[in-house]
Novice: 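Sharing a structure with you now.
Everything quoted here is computed from the prediction, not taken from an experiment. All residue numbers refer to positions in the sequence shown, counting from 1. Just the heavy atoms: all of them, side chains too, but no hydrogens, waters or symmetry mates, feed the values below.
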Amino acid sequence: MALSWNEIKNRASQFSKEWKDTSNEEADAKPFLDAFFDVFGITRKKIGTFEHKVKKLSTADGYIDLLWKGTILVEMKSRGKNLDKAFQQAIDYTFGLKQNELPKYVMVCDFYHFRLYDTEEQKTIEFTLDHLVQNVQNFGYLLGYQKKIYKEQDPANVKAAELLGKFHDRLEEIGYEGHPLEVYLVRILFCLFAEDTTIFNKQQFQDYIEQRTNLDGSDLAPKLQELFQVLNTDKEKRFKNIDEQLSEFAYVNGKLFEEILPMASFDSKMRQALLDCCYIDWSKISPAIFGSMFQSVMNPKERRNLGAHYTSEKNILKVIKPLFLDDLWKEFESIKDNKNKLPEFHKKLSTLRFLDPACGCGNFLVITYRELRILEFEVLKALNRSGQTFLDVSQILWLDVDQFNGIEYEEFAARIAEVAMWLIDHQMNMLISNEFGQYFVRLPLKKSAKIVHADALETDWETVISKNELSYIIGNPPFIGSKIMKQNQRNQIVKEFGSSAGGGTLDYVTGWYIKAAKYIQNTKIKVAFVSTNSIVQGEQTSVLWGQMLSKYHIKIHFAYRTFKWNNEAKGNAAVYCVIIGFANYDTHTKSIFEYEDIKGEAHEIKAKNINPYLVDAKDLLINKSSNPICNVPKMSFGNMPLDGGHLLLSDEEKNEFILKEPKAEKFINPLISAYEFLNGEKRWCIWLVGAEPSELKLLPNVLKRVEAVKKFRLDSVAPSTQKFAATPTLFRDRNQPASFIVVPRVSSENRKYIPMGFFDKNSIVSDTCMSIPNGTLYHFGVLMSTIHMAWVKTVCGRLKSDIRYSKDIVYNNFPWPENPTEKQIKNIEEKAQNVLDARLLFPNSSLADLYDPLTMPPVLVKAHNELDKVVDLAYSKQNFSTDAKRMEFLFDLYEKYTSNLFATEKIKQSTKKV
């Protein structure tokens, strides 16, 4: 059992007295260092031998006074000798050490002066024997006491995951796989953490392997099996003649080592792979991060994206701080000087219960527990402000891992989550031990987080924890889009939504939302999930939130609007997320966290209400509408060729085709597709609407392509395609208005505006664009404005992160200015023309160039700013300071236009043609 700091300080005081007056003649390094390490309860047997032989840089032999491999190197000199030379000598010795032998600390000492150098932090501490008592905590690393700063993508985490991954591979290669392999690795993981964090003695697991197993690994498997059995056996019930080194291991319990696993088999490489894992300092590894990284390591395909599959600590805190943590800290700050209320608050913390129904490796649970233990730590410090230490620290720690529950589909992840909770518990216990001078470790393990290995959408959450006991639901349900879901997953979602219309179009994450909504009925449970932003945009919003609001009476309490998912994994696709906190009751304190830059930091905005689009407005839902809610031209889809590419031509193909068949030129029209329109490239199509059969007979190359179209359509498995084989000369769609505005269906998220343009009947718009027949400068001006873009970014769906413009959701539901005056219409038309004129000043630049935020010409920026001003004024005399304010106004206007009172009112629009 490790010593408390008070005991260590008492021993240090006695050591200082005994060695203070030692003369050079009496000074002997061996007894001095034996006594010094005994201050910390560390025996010579644990450290190793004195006078460790090593090759110096000069190739001559050198002798280190004391080397505790991987931990500390000590070089002693006679009293009064130059410690600078001693230090340089010690550093020189390190060049002759193996990688796993390199120490974290180098100490040089002359029996009175001490110099301690941290090789990793590159910091030096110096003190004298008289001040050893005040400096004992600088040696906390020897015992595992140490504050850690965890970095999400720390190289130590990556290296540890890779090494354990290699060990996993070796076992899998020999056929040790499935459930036994997963349990085996979790046990190894626990032992690696345990020996570096004071659960076990320092390097106890490593020493056992090095000293008790053969180099060829032939007996490693039975030795590990024996160790697992010992760790699962109370010390009083162990065999009396058990190996002395085994008997020193603590009794762990917690059912971690209970199951009897098949015997593995090892060779020298596998033994070395395990030892390589031991040589890592596991006290540096974050339990919250490592589990998910290790899980990705187990899948070779995911290794190049190491770190891609965990929720960052920063994003977890975005969930738990507004959900409950901020309020708890505020409450603590208000009562921290009241010793009567502090115990009540402490009791409250111990009664909180949490559920993560998609817990993975336990990231959310681990970080949440850590944050609550930090708060408990502050409570205990406030209670102990007088300086009187607690008699028994174990009696004042009321928070424990059994307050946490999870559901996880993958068994290995579930088991890691359990272990991660024990490990973070132990690390927090070390923090308490360090503060109050009493060593405290929860061994044997009596309590554990309840992590259920199951499918959360097929499990009754009441069987995991009663909703009458639960306080909060947190998590990051799976990011699986509706188009890539497996059929059984789609069936689950349809089932959860009661087979309601639109259920089959929903992303997988919506299943957790609706299941949570059902579970929390008539309770004060609060929920917060990280999700893809698809659930607050486009068609999915009305389907999901239609039930959440009307059927289950859910109210959103806080929300983070769209932000970019952050991790450092190479090649990892960008994911755009929201965080939504909700409950079955309303609250007066609501917050929206808004991003000026979705890759930046959020700022908080207080809200009266948060609707499903995460706007401070009434709870409205934008449903599909086949017609515009205002008196504006209808928007049409572009023309789908459905031709297998046979009626389409590049610029080069068009020129070659005309050379071969000059008479076909009259039937070749410009094709306006989104890519070519935005990037200034040309594309053409063979447009045979109205072509005389006699003309076609004279065009063999055209007929050859027409025949290819017919074959393509007949060969299709879709009856809807086959029927168009009857008209192989024509596109599937044939819209050719006299004039129209082109709107690309997909546009980059980076553009402030969706570039649009005017065309006439000689150009054919493809199905990658929408068209507004007979659209005017007024319509163009409003659609090219910031207020329209605010609407687009709020209600439209996304293709990856790009804007996906929708006729039925976005355009038809867009609230146009109410009864604009002739002057307002004229102003908008004038400023819209200025935008078009500004574009013409740069004939060699594409629309993609002109609307790139980095290269947008100042004259075009100015034209758009002026257009924005007059469009805003057509809506309201008030100044819209932000897009959020614009959306609040637009939602009110939408409600007005769509209410029964105004159902027949038509909004006055310009009739001027371009």
Novice: Might you point out which heavy atoms bring C278 and I209 nearest each other, and give the distance in Å?
Specialist: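 In this case the closest contact between C278 and I209 is SG-CD1, 4.1 Å.
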Novice: Please assess L192 against L164 for the test side chain to side chain contact (heavy atoms under 4.5 Å, CB included), listing each intermediate value before the final yes or no.
Specialist: CA-CA 10 Å; L192 292 167; L164 202 51; 4.1 Å; yes
Novice: Please confirm whether the backbone N or O of L261 pairs with a side-chain atom of Q225, one donor and one acceptor, at under 3.5 Å?
Specialist: yes
Novice: Can you check whether K104's main-chain N or O pairs, donor with acceptor, with T119's side chain at less than 3.5 Å?
Specialist: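 Side chain of T119 to backbone of K104: a pair is present.
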Novice: Around atom OH of Y251, are there more than 12 heavy atoms from other residues, nucleotides or ligands closer than 6.0 Å?
Specialist: yes
Novice: Can you check whether K98's main-chain N or O pairs, donor with acceptor, with E101's side chain at less than 3.5 Å?
Specialist: yes
Novice: Starting at CG of L342, measure out to CD of E378 and round the result to the nearest 0.5 Å.
Specialist: 11.0 Å
Novice: So for atom NZ, which belongs to K447, do other residues, nucleotides or ligands contribute more than 12 heavy atoms lying within a distance under 6.0 Å?
Specialist: no
Novice: So which heavy atom on G475 is nearest to which on D356, and how close?
Specialist: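 Minimum heavy-atom separation between G475 and D356: CA-OD1, 3.6 Å.
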Novice: Taking the side chain from D267 and the backbone from K269, do they hold a donor-acceptor pair closer than 3.5 Å?
Specialist: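 Such a contact is found between D267 side chain and K269 backbone.
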Novice: Is there a donor-acceptor contact under 3.5 Å from the side chain of Q204 to the main chain of E195?
Specialist: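 Checked: no pair found.
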Novice: Look up atom CG in L33 and atom SG in C109, then write down how far apart they are to the nearest 0.5 Å.
Specialist: 7.5 Å
Novice: List the atom of K450, the atom of V464, and the distance in Å for their closest heavy-atom pair.
Specialist: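 Here K450 and V464 meet closest at NZ-O, 3.0 Å.
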Novice: Quick one: are L317 and E371 in side-chain contact, heavy atoms under 4.5 Å?
Specialist: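 Side-chain contact under 4.5 Å: yes.
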Novice: With distance as the sole test, does D425 use its side chain to make a donor-acceptor pair with the main-chain N or O of M421 at under 3.5 Å?
Specialist: no
Novice: Does any non-hydrogen side-chain atom of I465 lie less than 4.5 Å from one of R353?
Specialist: yes
Novice: I'd like to know whether CD of E248 has more than 12 heavy-atom contacts from other residues, nucleotides or ligands below 6.0 angstrom.
Specialist: yes
Novice: Counting only heavy atoms not in Q211 (residues, nucleotides, ligands), do more than 12 fall under 6.0 Å from its CD?
Specialist: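 Yes, because the 6.0 Å sphere around CD of Q211 holds more than 12 heavy atoms from other groups.
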Novice: Taking the side chain as C-beta and beyond, is there a heavy-atom pair between Y369 and F354 under 4.5 Å?
Specialist: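 Not in contact.
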Novice: Could you check if a side-chain atom of I451 sits within less than 4.5 angstrom of a side-chain atom of C359, using non-hydrogen atoms only?
Specialist: yes
Novice: Does the side chain of E182 come within less than 4.5 Å of R415's, by heavy atoms?
Specialist: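 Side-chain contact under 4.5 Å: no.
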Novice: Check the pair S13, K17 against side chain to side chain contact (heavy atoms under 4.5 Å, CB included), reporting the backbone distance first and the verdict last.
Specialist: CA-CA 6 Å; S13 177; K17 291 175 183 177; 3.9 Å; yes
Novice: Ignoring hydrogens and geometry, is there a side-chain-to-backbone donor-acceptor pair from R187 to L256 under 3.5 Å?
Specialist: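 Side chain of R187 to backbone of L256: a pair is present.
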Novice: Would you check if L328 and F345 make a side-chain contact, meaning some heavy-atom pair closer than 4.5 Å?
Specialist: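 L328 reaches F345 side chain to side chain.
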Novice: Supply the atom-to-atom distance F266 CZ to D219 CG, rounded to the nearest 0.5 angstrom.
Specialist: 11.0 Å
Novice: Working to the nearest 0.5 Å, report the span between CD1 of I320 and OG1 of T368.
Specialist: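 So the CD1 of I320 and the OG1 of T368 are separated by 4.0 Å.
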Novice: Could you point out which residue of W282, W422, F200 forms a ring-ring contact (aromatic ring centres under 6.0 Å, His included) with F193?
Specialist: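 Exactly one option meets the ring-ring contact (aromatic ring centres under 6.0 Å, His included) with F193, and it is W282.
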Novice: Quick check: does any side chain N or O of E418 sit under 3.5 Å from a backbone N or O of S448, one acting as donor and the other as acceptor?
Specialist: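 No; zero donor-acceptor contacts below 3.5 Å.
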Novice: Distance-only, no hydrogens or angles: does the Q403 side chain make a donor-acceptor pair with backbone N or O of L349 under 3.5 Å?
Specialist: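 The answer is yes, because a donor-acceptor pair under 3.5 Å joins these two groups.
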Novice: Report the C-alpha distance between F139 and F36 in whole Å, list the side-chain angles of each, state the deciding distance to 0.1 Å, and finish with yes or no for ring-ring contact (aromatic ring centres under 6.0 Å, His included).
Specialist: CA-CA 11 Å; F139 294 88; F36 174 80; 5.3 Å; yes
Novice: Report the C-alpha separation of Y472 and F404 in whole Å, then their side-chain angles, then the decisive distance to 0.1 Å, and conclude whether the ring-ring contact (aromatic ring centres under 6.0 Å, His included) test is met.
Specialist: CA-CA 10 Å; Y472 302 100; F404 293 81; over 10 Å; no
Novice: Taking the side chain as every heavy atom from C-beta outward, state whether M430 and Q427 have any pair of such atoms under 4.5 Å apart.
Specialist: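 A side-chain contact under 4.5 Å is absent here.
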Novice: To check you understand the geometry: which heavy-atom pair defines the closest contact between N138 and L116, and what is its length?
Specialist: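 Heavy atoms of N138 and L116 come nearest at O-CD2, 3.7 Å.
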Novice: If you define the side chain from C-beta out and look only at heavy atoms, does anything of L355 sit under 4.5 Å from I525?
Specialist: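 In short, these two side chains do not touch, never coming nearer than 4.5 Å.
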Novice: Rounded to the nearest 0.5 Å, what separation is found between the OG atom of S218 and the NZ atom of K223?
Specialist: 10.5 Å
Novice: Pick out which of F37, F32, F114 makes a ring-ring contact (aromatic ring centres under 6.0 Å, His included) with F15.
Specialist: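 The residue from F37, F32, F114 that satisfies ring-ring contact (aromatic ring centres under 6.0 Å, His included) with F15 turns out to be F32.
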Novice: How long is the gap from CG on N232 to NZ on K237, to the nearest 0.5 Å?
Specialist: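 Those atoms lie 10.5 Å apart.
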Novice: On a heavy-atom basis, which atom in I473 and which in W461 lie closest, and how many Å separate them?
Specialist: CD1-CZ3, 4.2 Å
Novice: If only side-chain N and O atoms count, and only distance matters, is there a donor-acceptor pair under 3.5 Å linking N10 with Q14?
Specialist: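 Their side chains do not contain a donor-acceptor pair, so the 3.5 Å distance test is not met.
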Novice: Over all heavy atoms of both residues, which pair between L380 and H346 is shortest? Give the atoms and the distance, please.
Specialist: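 Closest pair (atom of L380, atom of H346, distance): CD2-CE1, 3.7 Å.
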Novice: Given the rule in the side chain to side chain contact (heavy atoms under 4.5 Å, CB included) test, do R370 and R373 qualify, once you have shown the distances and angles that lead to the verdict?
Specialist: CA-CA 5 Å; R370 185 197 70 191; R373 287 294 302 272; 5.8 Å; no
Novice: Mark yes when over 12 heavy atoms from residues, nucleotides or ligands other than I374 sit less than 6.0 Å from its CD1; otherwise mark no.
Specialist: yes
Novice: Quick one: do I188 and F205 satisfy side chain to side chain contact (heavy atoms under 4.5 Å, CB included)? Show the steps, please.
Specialist: CA-CA 10 Å; I188 295 295; F205 182 58; 4.0 Å; yes
